[in-house]
Amino acid sequence: MIIRTLLTTVGALTTATIGYAALTVTAPNAANKIETLVRDIGFGWTADSCEANPEGCLNSRFTELSRLEKDVASSITAIRSEVDRLDTLVAEQEELVGKNTLFLEQGRAEYKARESGLAPLGEASRGIEFAGKTYPDLASFKAQLALLFQEKTVLEQSLASARDLRAKLQARLDQLMIQAGQITLAKRVIPAQLQLVRANQTLGEFAENLTMIDGVIEGSVEGLSQSDQL
């Protein structure tokens, strides 16, 4: 009986790389300071530089969201493929566990019958036929049953690992799908906000929208990092 173990390798998923040069502040006279903005989320734009050049700040966010959109889409494709692969693997492991359990039940029944002398006349003097093999005596048959029991533990652990990983990947896939929708929404906000900025509208809505956009970016970067860890 060959003991099959679970080998799962989840490919490294695409992560977002962030790196923008800081913009020089050229317009010191702007509206009230935007205290709620993220000070620096890794790509060079601080509250001061966004306040000084809101249009450039928004354009940089749009570029970053577009990059994240592609990365998230790649991760969704990769994780969905892994979930499908694990569905197949789990089904195979469940079949192996089922066969192992059946063999153990049948083997134990046969062993008890032989040990108690309840086997049909003539069979006691012959070898023990079980699962396509013949065992010369009760001791060798008992050793095979012990091996089946050890195999059962390995198979059940493998099945539990496969199910656990599948559940984690499915949860991550669900989160990435939500993040993809959030990125799409954030990208739609930017063109309208750019029109307001160009029309010299108040920066109150700009600050609120930019905070939302930064939250989407940070959440997506974190989500991609979690996907890579899986």
Side-chain angles (χ1 to χ4, degrees), residues 1-16 70-181 219-230:
M1 186 69 65
I2 300 177
I3 301 178
R4 295 185 56 180
T5 58
L6 174 65
L7 297 175
T8 51
T9 303
V10 179
L13 307 179
T14 310
T15 57
K70 294 179 181 178
D71 289 340
V72 169
S74 296
S75 285
I76 287 173
T77 299
I79 291 182
R80 184 177 285 122
S81 176
E82 287 300 315
V83 170
D84 291 342
R85 188 176 69 84
L86 282 168
D87 282 340
T88 300
L89 186 59
V90 166
E92 292 175 350
Q93 290 296 110
E94 288 174 341
E95 182 179 359
L96 287 172
V97 169
K99 288 180 178 180
N100 176 273
T101 300
L102 180 61
F103 282 145
L104 265 178
E105 291 175 352
Q106 293 175 344
R108 284 169 176 168
E110 178 68 19
Y111 180 83
K112 287 181 179 180
R114 296 277 181 164
E115 187 180 38
S116 61
L118 297 179
L121 292 176
E123 288 190 8
S125 60
R126 298 199 305 265
I128 304 171
E129 293 185 3
F130 178 74
K133 293 184 179 180
T134 301
Y135 301 90
D137 50 44
L138 200 58
S140 60
F141 183 53
K142 183 178 181 179
Q144 176 58 38
L145 293 180
L147 181 61
L148 277 174
F149 184 78
Q150 293 174 4
E151 184 184 59
K152 178 180 177 64
T153 301
V154 174
L155 290 173
E156 288 178 343
Q157 290 175 347
S158 297
L159 177 58
S161 296
R163 285 173 172 169
D164 180 63
L165 181 56
R166 182 179 62 177
K168 289 179 179 178
L169 285 171
Q170 184 61 57
R172 183 94 298 274
L173 178 60
D174 293 341
Q175 287 297 317
L176 285 174
M177 295 293 290
I178 293 173
Q179 287 167 347
S220 298
V221 170
E222 176 63 22
L224 287 167
S225 176
Q226 293 175 6
S227 300
D228 184 60
Q229 291 173 15
L230 277 177

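Throughout, residue positions are numbered sequentially from 1 according to the sequence presented.
- How far CG of Leu169 is from CG of Asp164: 9.5 Å, rounded to the nearest 0.5 Å.
- Counting heavy atoms from C-beta outward, Leu89 and Leu86 have side chains that approach closer than 4.5 Å.
- Judged by distance alone, the side chain of Arg172 and the main-chain N or O of Gly223 form a donor-acceptor pair under 3.5 Å.
- The pair Arg163-Glu94 meets the salt-bridge criterion, with a side-chain N (NZ, NE, NH1 or NH2) lying under 4.0 Å from an Asp/Glu carboxylate O.
- Ser81 places no side-chain N or O within donor-acceptor distance of the main-chain N or O of Thr77, the cut-off being under 3.5 Å.
- Of the inter-residue distances, the one linking Leu145 atom CG with Glu151 atom CD reads 12.0 Å to the nearest 0.5 angstrom.
- Taken to the nearest 0.5 Å, the CZ atom of Arg108 stands 5.0 Å off from the CG atom of Leu104.
- The distance from the CD atom of Gln93 to the OG atom of Ser158 is 5.0 Å, given to the nearest 0.5 Å.
- Contact check for Arg80 versus Met177: side-chain heavy atoms found under the 4.5 Å cut-off.
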Exercise for the section: Could you go through the side-chain contact (heavy atoms from CB on, under 4.5 Å) check for Val97 and Thr101 one step at a time? Expected result: CA-CA 6 Å; Val97 169; Thr101 300; 4.1 Å; yes
Practice task
Test Leu96 against Asn100 for side-chain contact (heavy atoms from CB on, under 4.5 Å), laying out the working first.
Solution key: CA-CA 6 Å; Leu96 287 172; Asn100 176 273; over 6 Å; no
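- Note: Asp84 CG to Ile79 CD1 = 12.0 Å, rounded to the nearest 0.5 Å.
- With a 4.5 Å cut-off on side-chain heavy atoms, Val154 and Gln150 do not count as touching.
- Separating the CD atom in Gln175 from the OG atom in Ser220 is a distance of 11.0 Å, to the nearest 0.5 Å.
- In this structure, Lys152 places its NZ atom where more than 12 heavy-atom neighbours from other residues, nucleotides or ligands lie under 6.0 Å away.
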Handout entry: Verdict with supporting geometry, Thr134 and Ile128, side-chain contact (heavy atoms from CB on, under 4.5 Å)
Key = CA-CA 5 Å; Thr134 301; Ile128 304 171; over 6 Å; no
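- Among residue pairs with one or both ends in residues 139-167, those qualifying as ring-ring contact (aromatic ring centres under 6.0 Å, His included) are Phe130-Phe141, Tyr135-Phe141; sequence neighbours excluded.
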